[in-house]
Trainee: 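Starting off with a structure, shown below.
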There are 2 protein chains.
Amino acid sequence: MEQSVSTTKEALLFAAGELFAEHGVEGTSIRAIAEKCQANIAAVNYHFGTKENLYHVLIRRVLEKTRCRRAEALMKRKQDWAHDPLKCAEALYGIVEEHIHQYFTGTHPRWYGRLFMRILLQPTPAIGEIMSELVMRDFDSLKEVLRCCRPGMSREESELWADSLIGQLTHYIFAEDFLLMVPGRRSYDEAFQRDILHHVSRVLIRGLELPMPAFLMERKSNA
Amino acid sequence: MEQSVSTTKEALLFAAGELFAEHGVEGTSIRAIAEKCQANIAAVNYHFGTKENLYHVLIRRVLEKTRCRRAEALMKRKQDWAHDPLKCAEALYGIVEEHIHQYFTGTHPRWYGRLFMRILLQPTPAIGEIMSELVMRDFDSLKEVLRCCRPGMSREESELWADSLIGQLTHYIFAEDFLLMVPGRRSYDEAFQRDILHHVSRVLIRGLELPMPAFLMERKSNA
DNA sequence: GCTTGATTCAAGTGTTTGTTTGAATCTCGA
DNA sequence: TCGAGATTCAAACAAACACTTGAATCAAGC
C-alpha cells in the first residue's frame, strides 16, 4: 500500500470510489469528493488533471485488485483434478468461494463491487481496453475450467455456464439496494453469504451433472 | 395507447427513457431530452414539473408494462401442474421464456431492460414504493412457483432459487455493453436468445432435480 | 537560513445545469 | 369570427458544474 507518495491522492481515490459507486460518475461532483476527504477542490485537478482521468485511474486500480485468479491457478495444475469429476466439483466451489470473498466478506471495501457493476453497465471505450487486459483473462480461465468439468463442451456452452456463475453472483451486488428494501429479505450477513455460496455451487454442480461433494450434501428435515 | 392526449408528452417520455437508460438520470440533461424529440426545453417542466418527476412517471410506466405475470397466472391454476414434476419443469420453462420475451424479443423497446437495471442498481425511496407495489408481487409469485417445484422448500431456499433465475437473466441485460465488447462473443440474436432460454431452464430444472422435458433434451454429438 | 520543488488554498474562470417567465401560437367549441 | 384554454417558444434566471490561477504553505537538502 504505497500510500506515502501522497496521502491526499489516496484519500481522493477512496472518497471518489465510494461516491462513484453510490451515485455514479455523473452524479458525483468533484466538490463532493473533496469535501468527503477534507481536501481542497483543486486537489482533484492537481493530482489527476480531470475528473474523467480520476475515474480511469480508480477503475484500473479496482479492476487490478479484484481479479479472480483462482481459475487461472486451477488451469496451471489441471492434471491434478480435471480427470476427477468430484475434484471438478470442488474446483467450482473454490471459484464461487473466491468471487464471494472478493466482494462480500471484507477482502475489499464494500463499494468495490458496486463500482464494478457500474463499469459493467456502462463501459466506455477507454474502459474497454482496461477490461480486455484484466477482466477478460479471468473470464477465459473460468470458461476453461468449466470445459474441463464437462468434456466435449463447446465454446458457446462454456460461455453460457460462465454467464450462469457470474450472473447469479453479481445479481446480489448490483441489486443489493433493491433486494434489501424488500420486506422480509435477509441481510447480507455471514450466514447468508455462506448460503449463497452453497446454493450457487450446488446449482452449478447439479447442472453440470457432477458428483456432489460431501460438505455440500443437504441435510434432510432442516426446516 | 392513449397517445392523443399529448404527443409531445409521450415523445418526451420515450426520448427520456432512451437517454436515461443509456447515460443515467444524472448523465442526461433536459436539453438533450428535448432535442432528441424536437421539443422545446420548457416542455419538460410544462408537462412534468421537474426532471425527477418525469423520471418517476417514466419508471412507473416501464414497471407497469414489464410485469411478469406468468408466475401469478400459474399459481391461480396450481392444481393443474403442481403435483406433476414434469409439468413443474415446463412451468419453469414458461417463466424463463416470459422474462426473455419481455426484454429481448421485441415485446418492449430495447432500452426498457437497461432502464430497469438502473432502477435496480439505484432505487430511491420514492421508487421503492412503486417497486413494492408492482415488482415485488411478481417476485413473490415466482417464489411460490418454485416452492411448488420442490415440496418442503423453505422461504429462504425459494428466495435463493428466485435469485438464481433472475440473476442469470438480468446478467445479460445489465452487462450487455461489456459482454458485446468481449472479442468473439455472440451477438444477442434470436439463436442466442433461444440458447439462453434453454440453458437457464436446464440449469434450474436439473438444480431442482425435476425431470427434463423432451424438448429440452440435449442432442449428443452436436459440436 | 535560504532555496527549490511539491502541495495546498481561496478566489475566480466560463459553461452547463434545472427551472421560470411572459409573450406567441395553436385548438376548437360557441 | 371570436375567445378561452392548452400548448409552444425564445429568452433569461440563479445555482452548480469542471476546471484554472497565482499566491501561500509545506518539507527537505545544502
Side-chain angles (χ1 to χ4, degrees), chain A residues 1-61 115 118-119 122-127, chain B residues 1-61 115 118-119 122-127:
Chain A
M1 307 262 189
E2 66 289 359
Q3 277 201 352
S4 57
V5 178
S6 171
T7 175
T8 5
K9 192 173 179 180
E10 294 303 313
L12 283 170
L13 276 170
F14 197 88
E18 269 192 272
L19 291 170
F20 287 167
E22 192 64 20
H23 308 106
V25 181
E26 320 262 12
T28 305
S29 67
I30 59 171
R31 274 171 186 79
I33 298 169
E35 275 174 27
K36 193 175 179 72
C37 59
Q38 281 135 12
N40 191 274
I41 319 152
V44 172
N45 287 278
Y46 174 74
H47 285 289
F48 302 98
T50 65
K51 180 185 172 185
E52 196 188 17
N53 189 245
L54 162 61
Y55 182 50
H56 285 158
V57 171
L58 179 67
I59 62 175
R60 173 170 283 276
R61 176 172 302 197
L115 187 62
R118 286 201 182 268
I119 299 167
Q122 211 169 343
T124 64
I127 296 173
Chain B
M1 308 262 188
E2 66 289 358
Q3 278 202 351
S4 56
V5 177
S6 171
T7 173
T8 11
K9 192 173 180 180
E10 295 301 315
L12 283 171
L13 277 169
F14 197 88
E18 269 193 272
L19 291 170
F20 287 167
E22 193 63 21
H23 307 106
V25 181
E26 321 262 13
T28 306
S29 68
I30 59 168
R31 276 172 182 79
I33 299 169
E35 274 172 29
K36 194 176 176 73
C37 58
Q38 280 135 10
N40 192 274
I41 317 152
V44 172
N45 287 276
Y46 174 75
H47 286 289
F48 301 99
T50 65
K51 181 187 174 185
E52 196 188 17
N53 189 246
L54 162 61
Y55 182 50
H56 284 158
V57 171
L58 179 66
I59 63 174
R60 174 170 282 277
R61 175 172 303 195
L115 187 61
R118 287 203 180 266
I119 299 167
Q122 209 170 345
T124 65
I127 296 174

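Being a predicted model, the structure only gives us computed values, none of them experimental. Numbered from 1 within each chain, the chains take letters A, B, ... in sequence-line order.
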Trainee: Provide, to the nearest angstrom, the distance between the CD atom belonging to E10(B) and the P atom belonging to dT7(D).
Mentor: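 Distance, rounded to whole Å: 12 Å.
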Trainee: Taking only the side-chain nitrogens and oxygens of H47(A), find out if one of them lies under 4.0 Å from OP1 or OP2 of dA6(C).
Mentor: no
Trainee: Rounded to whole Å, please give me the gap between CD1 in I33(B) and P in dT8(D).
Mentor: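 Distance, rounded to whole Å: 16 Å.
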Trainee: Once side chain to side chain contact (heavy atoms under 4.5 Å, CB included) is applied, do any residues pair with A39(A), and if so which ones, sequence neighbours excluded?
Mentor: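 Counting only residues at least two positions away or on another chain, A39(A) forms a side chain to side chain contact (heavy atoms under 4.5 Å, CB included) with T8(A), L12(A), C37(A), A43(A).
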Trainee: Do nucleotides 17-22 of chain C as a string where each nucleotide becomes B, S or -: B if the base has a protein heavy atom under 4.0 Å, S if just the sugar-phosphate does, - if no protein is that close.
Mentor: BBBBB-
Trainee: Between T8(A) and dT7(C), is there a contact of a side-chain N or O with OP1 or OP2 at under 4.0 Å?
Mentor: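 Indeed not, no polar side-chain atom of T8(A) lies that close.
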Trainee: With sequence neighbours left out, what residues match R31(A) under salt bridge (charged side-chain N to carboxylate O under 4.0 Å, His left out)?
Mentor: none
Trainee: In this structure, how many angstroms lie between the C1' atom of dC17(D) and the CG atom of L19(A), rounded?
Mentor: 16 Å
Trainee: Going by the ring pair (Phe, Tyr, Trp, His ring centres under 6.0 Å) test, which pairs reach into residues 18-45 of chain A, not counting sequence neighbours?
Mentor: F20(A)-Y55(A)
Trainee: Take the protein atom OH of Y55(A) and the nucleotide atom P of dA18(D), then report the distance between them rounded to whole Å.
Mentor: 15 Å
Trainee: Tell me, do I30(B) and L54(B) make a side-chain contact under 4.5 Å, heavy atoms counted?
Mentor: no
Trainee: Which pairs with one or both residues in residues 37-60 of chain A pass salt bridge (charged side-chain N to carboxylate O under 4.0 Å, His left out), sequence neighbours excluded?
Mentor: R60(A)-E64(A), R60(A)-E133(A)
Trainee: Expressed in angstrom and rounded to an integer, what is the separation of F48(B) atom CZ from dT7(D) atom P?
Mentor: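 Rounded to whole Å, this separation is 12 Å.
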Trainee: What integer distance in Å separates Y46(B):OH from dC26(C):C1'?
Mentor: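 Answer to the nearest Å: 11 Å.
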Trainee: Applying side chain to side chain contact (heavy atoms under 4.5 Å, CB included), name anything that partners Y46(A), two or more places apart in sequence or on another chain.
Mentor: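 Result, side chain to side chain contact (heavy atoms under 4.5 Å, CB included) vs Y46(A): none returned.
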